[in-house]
Amino acid sequence: MKKEDFDPKYDFKKIEKKWQKKWENAKIFEVKEEGKKKKFYVLEMFPYASGEGLHIGHTLNYTIGDIYARFKRMQGFSVLHPIGYDSFGLPAENAAIKIGEHPKKYTEKAILNYEKQLKSLGFSYDWRRKLSTHNKEYYKWNQFFFLKFLEKDLVYKKHSSVNWCPKCKTVLANEQVHNGKCEYHEGTEVEMKLLEQWFIKTTAYADELLDFVDDLNWPSKIKAMQKNWIGKSHGIDIDFEIKGEKWPVFTTRPDTIYGVTFMVISAQHSKLKEIVTKEQKKEVDKFLKKLKSVSEKELGDLEKEGVFTGSYSVNPINGEKIPVYAGNFVLADYGSGMVMAVPAHDQRDFEFAEKYNVPIKVVIEPKDFEIYERNGKLPRAYTGEGFLVNSGEFDGLESKKAIEKITKYFEKKKQGRKTIQYKLRDWLVSRQRYWGAPIPIVYCDKCGIVPVPEKDLPITLPMNIKFGKGNPLATNKKFLETKCPICKGKAKRETDTMDTFFDSSWYFLRYFDSKNNKKAFDKKKVKYWMPVDQYIGGAEHATMHLIYARFFIKALRDLGYVEFDEPFPNLFNQGMLHAKDGRKMSKSLGNVINPLEFIEKYSADSLRLSLMSFASPDSDTCWDEKVIVGSFKFLEKVYRHFMNFKSEKGDGIIEHKLNKTIKEVKEDIEKFKYNLAIIKIRELFSYLEEGVSKKDAETFLIMLHPFCPHVTEELWQKLGNKSFISLQKWPIADEKKINERFEKQEQELRKLIEDINKIAKLLKKKSKKDFVYTLPNEKQIYQKNSGEIKKRTGIDVEVYAVNDKDKYDPENKSKKVKPGRPGIYIE
RNA sequence: GCGGAGAUGCCGGAGUGGUCAAACGGGGCGCGCUCAAGACGCGUUAGCUUAGUGCUUACCUAGGUUCGAAUCCUAGUCUCCGCACCA
């Protein structure tokens, strides 16, 4: 056997490559289902395969996960820690349009790049299980599940509006719309267009999705966001009559019904045309044409605009005739897409009424203050509670009470129904794009909408396509033209592809079986590994991905594919790492940090350690190169120490410190307080430097290992170990050896040194020697530490007990002695 | 607009009723090592005061609860984040 050469210099490049290779060759991170060990599934949200490569946010995310995975593995769990790529999506398509590169090529290049980068960080993945969602072996199962959902009545088609660029002749994502203009054609206003699109009935599970939130061990802010997203509210549907037809309108404030002075129907409402009168058609069309994209983000600063439809409605409570407007601030998908507007008591309605000179009628007045200005005008809507006025028989009622009474009134007259409304909308999965999983549907003139039979899956994306004129699938004859599975006649394929959130809603199940071409996954394996024991990712997924995935699992459960309710019972959110200037890192600001650069310069271990040292992993922080320099210096110091390591016998303080650290580090890691764990490990090291046994030194390395896996493997081997430190047992604290007395002594010593330094400074002359007078039972401790005292004060020291007869004490300072606080005399 | 999070010393950040002038890291300053610099080691880093003491002012602002508040409550200011076709 060849003896290993150990470089006295910390040559991290060599070390890191060496261990990455050894881990790979020994397959130590590959796991399978087995009975002996308890399983533990650590999962980080998989990356979107962008051409930009791994950024620092990914690095942070995956480092947090890897530390946890390594920690759990050392605790004796069978840890599944997989990685894959979310590889369908818009950016690949943009690249195709901008630089003419095929999305597949672009994506696969990106994946190769990611893989190299991930490996250079030393993550302990089971690489055999990797997956990419753009592979047909993967998206075949997307199509399969889509069909299953269709069978279960969880899929339907409906008209919905999209952003349309008349120059591109294509649908634009919200992101591609800038100030209402197309990102490719600056002078072109984006229009709204109604298209028939595929929806998934996520609302069928609204209640369950909401109820289960409480049981999840998730950050409370994410739970709050989910609850708000689902947005259950109690209210009433009130029937308003327009053109002889009943229009139910949802409101949570029936108490303001007498204050309704107009109605607003969403400009995107599919039945808007039915309301518009001949006289107003031109006006309405003009308005619709200039309507901009309506993402809810912009809804806030959107100028509220509308146009009279020509129709009137009747207020069912008092028979008043009220005008109906079409407006840009009403959501078509929420409630019935129409609102009763009460300008006196809703700010949006108020702004609209002021702008279009619609009357404002106050029907709620608070008891203890005046809502009007001196001139009798209402400065803004009053949205609080109060007492009803101008409300007929309900006058004087308190608003809460009035809600009850008026609801009852309508129910009795059969003009209204108590309802529960969710903000959660059904999931629009249609995308008019190429780079996604084709929706497995065929349109036949005779048979109508026909699902593709399972045996014909996957419907593969054609590779030979042209970009530039709308969705390339729609212009690709080979793809488009097909036979009807039923009548075998001519038919056309659906050209919409699936939202990439469909891909990411079940990828965590595919890892168990990523090569299985008979099934999406093996039910037994799912049963073994699921649920994910620890999910880790950014808060940007608080709602969408995490709602869709939760929905997906519930739907799969009811289809009999899985047997659990929630995929991610435990979730951790990492914070955002901002650039040094405190702003978000972005290419356009030029403040992006490339992790590879720092791996090159300071090592992957230093980068990992520094990322965890900035702050608690869940808080937002700013990047600063100084931190990684500090981490690097620490590792250098550790490396040097172990290169010259000699085993020595440790004392009680070391035992105490070691066991206390073991105990606290475990707790800190479990709570993801990695920053605190690192502080304690670093502190422990300063004790080790004074000499410890080999075993204690090894324990230190084991605790440092999850953070800095490469250098700890190297030093572990240097100490003469043949096995991997990656597979060592996590130490267990011996609580009996933890003795807080040592901690107190430590503090007292520090205080003494501080005092000596303080006095020495006050003396304003060079001190020659100091004399320390202690209680008799403390003398030994201070005597033992006299070397330390000298080192840290720079002055020779002599320790006496107060009762020593021959002590030198010219100023009688020994009378100042207190327990834990010796007297001091300096000359 | 709706919803969420946060504000701590020169900086980054721990701390969430007393043990707090507040961990740890960075920076500054001083000292040691050295021919010298870097590296390294040690000390120090709110103010006044004092041979190691005592006092004052301090954890966004203003009130409040309490014997006691960085920590709990109320109001306000500011910052950041999410909002459904980016993923």
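Chain letters run A, B, ... following the sequence lines, proteins first and then strands; every chain starts at 1.
- With both ends at atom C1', the span from G17(B) to C72(B) equals 8 Å, rounded to whole Å.
- Not a single donor-acceptor contact under 3.5 angstrom links the side-chain atoms of E636(A) to the base of C40(B).
- C20(B) and C29(B) have their P atoms separated by 30 Å, with the value rounded to a whole Å.
- Of the listed nucleotides (A87(B), C85(B), A84(B)), C85(B) has the atom at the smallest distance from the side chain of Q197(A).
- Listed nucleotides: C85(B), G27(B), C24(B). Nearest to the side chain of E683(A): C24(B).
- Of the candidates C83(B), G4(B), G25(B), the closest approach to any side-chain atom of R682(A) belongs to G25(B).
- Considering all non-hydrogen atoms of both residues, Q197(A) and S430(A) come closest at OE1-CB, 3.6 Å.
- Set against A84(B), A5(B), C85(B), the side chain of R431(A) has C85(B) as its closest nucleotide.
- Checked by atom type and distance alone, the side chain of D809(A) pairs as donor or acceptor with a backbone atom of N812(A) at under 3.5 Å.
- Using a 4.0 Å cut-off between charged nitrogen and carboxylate oxygen, D426(A) and K201(A) do not count as a salt-bridge pair.
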How would RNA chain B look in dot-bracket form, 5' to 3', counting Watson-Crick and G-U wobble pairs with both distances under 3.5 Å and writing | for bases paired to another strand?
((((((((.[[[..)..(.....]]]((((((.......))))))(((.....)))...[[[[[..)....]]]]])))))))....
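- Residue I826(A) is in base contact, counting any heavy-atom pair closer than 4.0 Å across all strands shown.
- The side chain of A173(A) has C85(B) as its nearest neighbour among C85(B), C40(B), A14(B).
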